[in-house]
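The structure under discussion appears below in the form of C-alpha cells.
As the structure lists them, so they are numbered: ligands from 1, and atoms in each ligand from 1. Any value given below was found using the heavy atoms of this structure, including those in side chains, with hydrogens, waters and symmetry copies removed. Everything numeric in this text was worked out from a predicted model, so none of it was measured.
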Amino acid sequence: MIRDRVKKILQELPEGVDLVGAAKTRTPEEILEAIEAGLKTVGENYVQEAERAQELIGQRAKWHMIGHLQTNKAKKAVKIFDMIETISSMKLAREIDKCCEKIGKVMPVLIEINSGEEEQKSGVAPADAVSLVREMSGLKHVRVMGLMTMGPFAGDPEESRPYFKKTKAIFDTLRGMNIPGVEMRYLSMGMSNSYRIAIEEGANIVRIGTKLFGERT
Ligand SMILES: *Cc1c(COP(=O)(O)O)cnc(C)c1O
C-alpha cells in the first residue's frame, strides 16, 4: 500500500520537485517501505522519532527536520539531520551554528515563514524574514537555502494559495537581494491536500504524509 502510493506520487511530481515523506507517528518499518519504493527524503517532526527511525534506516535516506525545534535539542538535531526546514529565530540559528561548529559541519537550513501570521504557529513573520536572513548570513556553520511554510489549516486547498503566493514573493525578494552566503534554492510548501497548488505557486519541495502513509490514527 505505502509502496504503491509512494510510486504514484513520485510519478506525478514534475521534474525538479522533491518529495519529503512527512513521517510523524509512522513506524521505522513503514518509513523503510516508503524508501524502498523510491522515497529519498524523510521529514521528521521530533528528534527522538528521527533517532529511532535512523536506527533501522540509517543513511539510506536524507533526513529533514520539519517540526518545531527547541534550542535544547539543537545539539542532537545537527548530528542527525541533513537539513533543518524550520528556522524562525536568530536564537535558534545561533545555537545551531554553535553546535555545528563543534562537529565541523555546515547545516543547510530553510527559514519557516508564518505566512498566515497566526499567533499559535511557529515561523517568522513575513515582515521580519529579510532581516532574519540578513543577520543569519553572517553565521559560518549555517547556510540559508530557502524558505518553508505551512500556511493556515484549510479544508479547501485553494484557500492555501494566497499564503503560498506570499511566501514565494518573499523567496523572490530574497533571491533578488543576492545576499552573500545565502542561496535561495528551495521553497518547501504543500502537504497532502495542497501540494498541487503549492507546486503551481512555485514549490520545489513538497512535504507529504497522509497521502503516502495513510491516515494518522
Ligand atoms: C504532518 C506534516 C506534513 C504532512 O501533512 P499531511 O497532511 O499528512 O500530508 C507536512 N509538513 C509538516 C511540517 C507536518 O508536520
Side-chain angles (χ1 to χ4, degrees), residues 1-10 12-13 17-28 30-31 33-35 37-53 61-70 73 77 80-89 92 108-118 120-124 145-161 163-164 166-168 171 186-217:
M1 283 291 276
I2 291 176
R3 210 188 137 75
D4 299 335
R5 287 190 290 238
V6 170
K7 291 199 161 150
K8 191 155 164 266
I9 302 258
L10 283 173
E12 182 195 324
L13 293 181
V17 176
D18 295 338
L19 175 63
V20 171
K24 59 179 174 276
T25 77
R26 313 302 176 172
T27 65
E30 288 174 304
I31 300 168
E33 186 180 340
I35 290 163
L39 179 68
K40 301 260 186 304
T41 307
V42 179
E44 291 281 4
N45 290 65
Y46 304 100
V47 169
Q48 226 176 335
E49 273 190 37
E51 281 184 305
R52 200 162 71 92
K62 295 275 181 208
W63 298 86
H64 284 200
M65 177 57 170
I66 62 171
H68 179 63
L69 182 62
Q70 291 164 296
K73 298 272 170 64
I80 65 174
F81 289 111
D82 299 292
M83 180 181 276
I84 297 174
E85 296 201 14
T86 47
I87 303 297
S88 57
S89 72
L92 178 59
V109 302
L110 306 184
I111 307 299
E112 181 175 3
I113 306 292
N114 183 356
S115 54
E117 304 188 55
E118 298 167 282
Q120 74 281 13
K121 280 245 174 91
S122 50
V124 64
M145 298 203 68
L147 306 180
M148 176 273 209
T149 198
M150 297 270 285
F153 173 79
D156 176 359
E158 268 303 328
E159 287 173 22
S160 300
R161 195 185 291 280
Y163 305 99
F164 295 156
K166 189 191 285 184
T167 307
K168 174 65 157 65
F171 182 85
Y186 297 113
L187 185 53
S188 174
M189 333 190 272
M191 321 204 308
S192 289
N193 74 338
S194 59
Y195 70 94
R196 293 192 181 94
I197 284 169
I199 291 167
E200 286 172 15
E201 297 304 333
N204 55 15
I205 295 180
V206 292
R207 308 177 311 271
I208 300 181
T210 312
K211 251 197 126 155
L212 298 183
F213 296 105
E215 292 294 331
R216 280 182 293 274
T217 48

Contact partition for [X] relative to ligand 1, non-hydrogen atoms under 4.0 Å:
| X | result |
| --- | --- |
| Asn45 | side chain |
| Met150 | side chain |
| Ser192 | both |

Task: Short N or O distance, Met148 and ligand 1, threshold 3.5 Å exclusive - done: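 Among all N and O atoms of Met148, none is under 3.5 Å from an N or O of ligand 1.
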So which protein heavy atom does [atom] come closest to, and at what separation?
| atom | value |
| --- | --- |
| atom 11 (N) of ligand 1 | Arg207 NE, 2.9 Å |
| atom 10 (C) of ligand 1 | Met191 SD, 3.3 Å |
| atom 8 (O) of ligand 1 | Thr210 OG1, 2.6 Å |

TODO: Please assess Ile2 against Glu30 for the test side-chain contact (heavy atoms from CB on, under 4.5 Å), listing each intermediate value before the final yes or no.
DONE: CA-CA 8 Å; Ile2 291 176; Glu30 288 174 304; 3.8 Å; yes
Open item on the list: Tell me whether ligand 1 is touched by Arg216 - counting only heavy atoms on the residue side and a distance under 4.0 Å.
Closed with: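 It does, in that a heavy atom of Arg216 comes within the 4.0 Å cut-off of ligand 1.
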Task: Sidechain N-carboxylate O distance under 4.0 Å for Arg161, Glu158 - done: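 Yes.
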Open item on the list: Assess whether a salt bridge exists between Lys211 and Glu12, defined as any Lys/Arg side-chain N lying under 4.0 Å from an Asp/Glu carboxylate O.
Closed with: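 No.
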Open item on the list: Which heavy atom of Trp63 sits nearest to which heavy atom of Glu44, and what is that distance?
Closed with: CZ3-OE2, 3.7 Å
Task: Over all atoms of both residues, closest heavy-atom pair of Thr210 and Arg216 - done: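 Reported closest heavy-atom pair: OG1-NH1, 3.8 Å.
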TODO: Any atoms of ligand 1 less than 4.0 Å from a non-hydrogen atom of Ile208? List them with their elements.
DONE: 9 (O)
TODO: Within a distance under 4.0 Å of any heavy atom of Lys24, pick out the atoms of ligand 1 and give their elements.
DONE: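 Once the distances to Lys24 are compared, the set is 1 (C), 2 (C), 3 (C), 14 (C), 15 (O).
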TODO: Would you check if there is a donor-acceptor pair between the side chains of Ser115 and Thr149 at a distance under 3.5 Å?
DONE: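 Their side chains do contain a donor-acceptor pair, which is all the 3.5 Å distance test asks for.
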- [ ] Just do the side-chain contact (heavy atoms from CB on, under 4.5 Å) check on Ile9 and Ile208 with the steps written out, would you?
- [x] CA-CA 9 Å; Ile9 302 258; Ile208 300 181; 4.0 Å; yes
